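Fair warning: this is a prediction, and the values are worked out from it, not measured in the lab. Position 1 is the first residue of the sequence; numbering continues from there.
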Amino acid sequence: MDARTMSTARRILREYGTTYAEEAGIRLRDAPSPLYRLLVLCVLFSAPIRAGTAVGAARELFAAGLRTPRAMADSAWQDRVDALGRAHYRRYDESTATALGAGAHVLLERWQGDLRRLRDEAGADPARVRELLQEVPRIGPTGADIFCREAQAVWPELRPFVDGRVRGAAADVGLPRTAKALAALVPARDFVRFTDGLVRVSLTHDAADRLRAA
């Protein structure tokens with residue numbers, strides 16, 4: 001890769017390289033609770049709402065103790081609505097509270113509340129992981145993509161994973177669009193930070209223009 005391309009990648013990591021899981025307070029590990037909290041974050045991202053609002057809503061839900069499928073399933077619908085409201089997750093608070101409750105029951109019934117069982121059922125097939133995730137209410141292709149983009153940090157069979165938003169953002173700043181080529185630009189340990197950084201660039205006014213002009 002040429003020096004300009006590598007410089008752009010380093011700058012994205014430096015200025016935008018915080019994962020959304022990190023921002024939501026999730027220390028991602030291959031364990032039931034952090035994987036479930038990542039899924040909750042993806043449910044929140046699946047509504048047409050600002051990313052910062054979705055992250056804030058996740059933090060409110062987790063602060064209320066809703067960190068496992070069992071806790072979510074046992075919680076009162078109004079308590080979920082109230083937590084979302086504290087984060088100003090407006091218009092979609094009631095429907096999302098319903099979806100979170102229903103999704104928790106799906107996880108408990110299908111995978112005993114443990115997304116590692118979903119991974120086992122998928123048999124290390126990324127396409128099957130995406131398909132199974134979409135059995136969860138409110139998780140569609142976009143939500144499944146977000147989950148895979150973050151979870152590749154702990155599920156190596158997903159690597160390197162990029163979605164359409166990442167590819168579009170990469171093209172906007174003059175970087176290659178393929179997962180393999182993007183993965184070659186940064187150390188493997190930083191790839192999720194890099195892909196989320198590209199998403200943040202796409203959501204930040206004038207960020208792509210400033211990176212191209214550098």
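Leu100 approaches Tyr36 most closely through the heavy-atom pair O-OH, 4.4 Å. Nearest approach of Arg130 to Gln134, heavy atoms of both residues: O-NE2, 3.1 Å. Nearest approach of Met72 to Ala104, heavy atoms of both residues: CB-CB, 3.8 Å. The heavy-atom pair separating Ala24 from Ala58 by the smallest distance is CB-CB, 4.3 Å. Heavy atoms only, all atoms of each residue included: Arg27 and Pro34 are closest at O-CB, 3.7 Å. Between Ala207 and Val201, the shortest heavy-atom distance links the atoms CB-O, 3.6 Å.
A distance of 11.0 Å separates CG in Asp79 from CG in Leu84, rounded to the nearest 0.5 Å. Rounded to the nearest 0.5 Å, atoms CZ (Arg86) and CG (Leu61) are 8.5 Å apart. Atom CG of Leu185 is separated from atom CZ of Phe194 by 5.0 Å, given to the nearest 0.5 angstrom. Separating the OG atom in Ser46 from the CD1 atom in Ile139 is a distance of 4.5 Å, to the nearest 0.5 Å. With rounding to the nearest 0.5 Å, the separation of OG in Ser75 from CZ in Arg70 is 11.0 Å. In this structure, CZ on Arg210 lies 9.0 Å from NE2 on His205, to the nearest 0.5 angstrom.
Trp111 meets the ring-ring contact (aromatic ring centres under 6.0 Å, His included) test with no other residue; sequence neighbours excluded. Partners of Asp93 by salt bridge (charged side-chain N to carboxylate O under 4.0 Å, His left out), not counting sequence neighbours: none found. For the salt bridge (charged side-chain N to carboxylate O under 4.0 Å, His left out) test, no residue two or more places apart in sequence or in another chain qualifies with Arg29. For Asp82, there are no salt bridge (charged side-chain N to carboxylate O under 4.0 Å, His left out) partners at least two apart in sequence or on another chain. In this structure, the ring-ring contact (aromatic ring centres under 6.0 Å, His included) partners of Phe147, at least two apart in sequence or on a different chain, are Trp155. Among residues two or more places apart in sequence or in another chain, the salt bridge (charged side-chain N to carboxylate O under 4.0 Å, His left out) test is passed with Arg119 by Asp30, Glu157. Residues meeting the ring-ring contact (aromatic ring centres under 6.0 Å, His included) test with Phe45, sequence neighbours left out: Tyr20.
By the rule that hydrophobic residues join a cluster once side-chain heavy atoms approach within less than 4.5 Å of another member, Val154 and Phe191 end up as members of one cluster. When hydrophobic clusters are built by joining Ile, Leu, Val, Met, Phe, Trp and Tyr residues whose side-chain heavy atoms come closer than 4.5 Å, directly or via intermediates, Leu211 is grouped together with Leu182. The hydrophobic cluster containing Leu38 also contains Val106, counting ILVMFWY residues as joined when their side-chain heavy atoms lie under 4.5 angstrom apart, directly or transitively. A chain of hydrophobic side-chain contacts below 4.5 Å, direct or via other Ile, Leu, Val, Met, Phe, Trp or Tyr residues, connects Leu41 to Ile49. Cluster membership check: Leu198 does not share its hydrophobic cluster with Val192, using side-chain heavy-atom separations under 4.5 Å among Ile, Leu, Val, Met, Phe, Trp and Tyr.
Side chain to side chain, Ser33 and Arg67 fail the donor-acceptor criterion of an N or O pair below 3.5 Å. Between the side chains of Thr8 and Arg4, no donor-acceptor pair is found at a separation under 3.5 Å. In this model, no donor atom of one side chain and acceptor atom of the other lie less than 3.5 Å apart for Thr142 and Asp145. Between the side chains of Ser95 and Arg138, a donor-acceptor pair is found at a separation under 3.5 Å.
For Glu150 (side chain) and Ile146 (main-chain N/O), no donor-acceptor pair under 3.5 Å exists by modelled atom type. Using modelled atom types, no side-chain atom of Ser7 and backbone atom of Ala3 make a donor-acceptor pair closer than 3.5 Å. Here the side chain of Thr53 pairs no donor or acceptor atom with the backbone of Tyr89 at under 3.5 angstrom. Looking at Arg159, its side chain does come within 3.5 Å of a backbone N or O of Ala153 through a donor-acceptor pair. Although no hydrogens or angles enter the test, the distance criterion places a donor-acceptor pair under 3.5 Å between the side chain of Asp2 and the main chain of Thr5. Without hydrogens or angle criteria, Arg128 side chain to Ala122 main chain gives no donor-acceptor distance under 3.5 Å.
Judged as a salt bridge (charged side-chain N to carboxylate O under 4.0 Å, His left out), the pairs with a partner in residues 106-115 (not counting sequence neighbours) are, in order, Arg110-Glu121, Arg110-Glu135, Asp114-Arg116. Here side-chain hydrogen bond (donor to acceptor under 3.5 Å, both in side chains) pairs that include residues 188-198, with residues two or more places apart or in two chains, are Arg149-Asp196, Asp190-Arg193. Annotation: salt bridge (charged side-chain N to carboxylate O under 4.0 Å, His left out) contacts involving residues 5-14, sequence neighbours excluded, comprise Arg11-Glu15.
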Candidate pair Glu23 and Arg200, rule salt bridge (charged side-chain N to carboxylate O under 4.0 Å, His left out), full reasoning: CA-CA 12 Å; Glu23 187 180 355; Arg200 291 179 186 278; 2.7 Å; yes
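Put simply, the side chain of Leu39 reaches to within 4.5 Å of the side chain of Leu133, judged on heavy atoms.
With side-chain heavy atoms closer than 4.5 Å counting as contact, directly or through intermediates, the hydrophobic cluster containing Trp77 also holds Val81.
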Distance-only criterion, 3.5 Å: show the donor-acceptor pairs between side-chain atoms of residues 164-181 and protein atoms not counting sequence neighbours.
from: Arg165; atom 1: NH1; to: Ser202; atom 2: OG; distance (Å): 3.1
from: Arg167; atom 1: NH1; to: Val162; atom 2: O; distance (Å): 3.3
from: Thr178; atom 1: OG1; to: Ala181; atom 2: N; distance (Å): 3.1

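Heavy atoms of other residues, nucleotides or ligands lying less than 6.0 angstrom from CZ of Arg91 number 12 at most. The environment of CZ in Arg50 is sparse: at most 12 heavy-atom neighbours from other residues, nucleotides or ligands sit within 6.0 Å.
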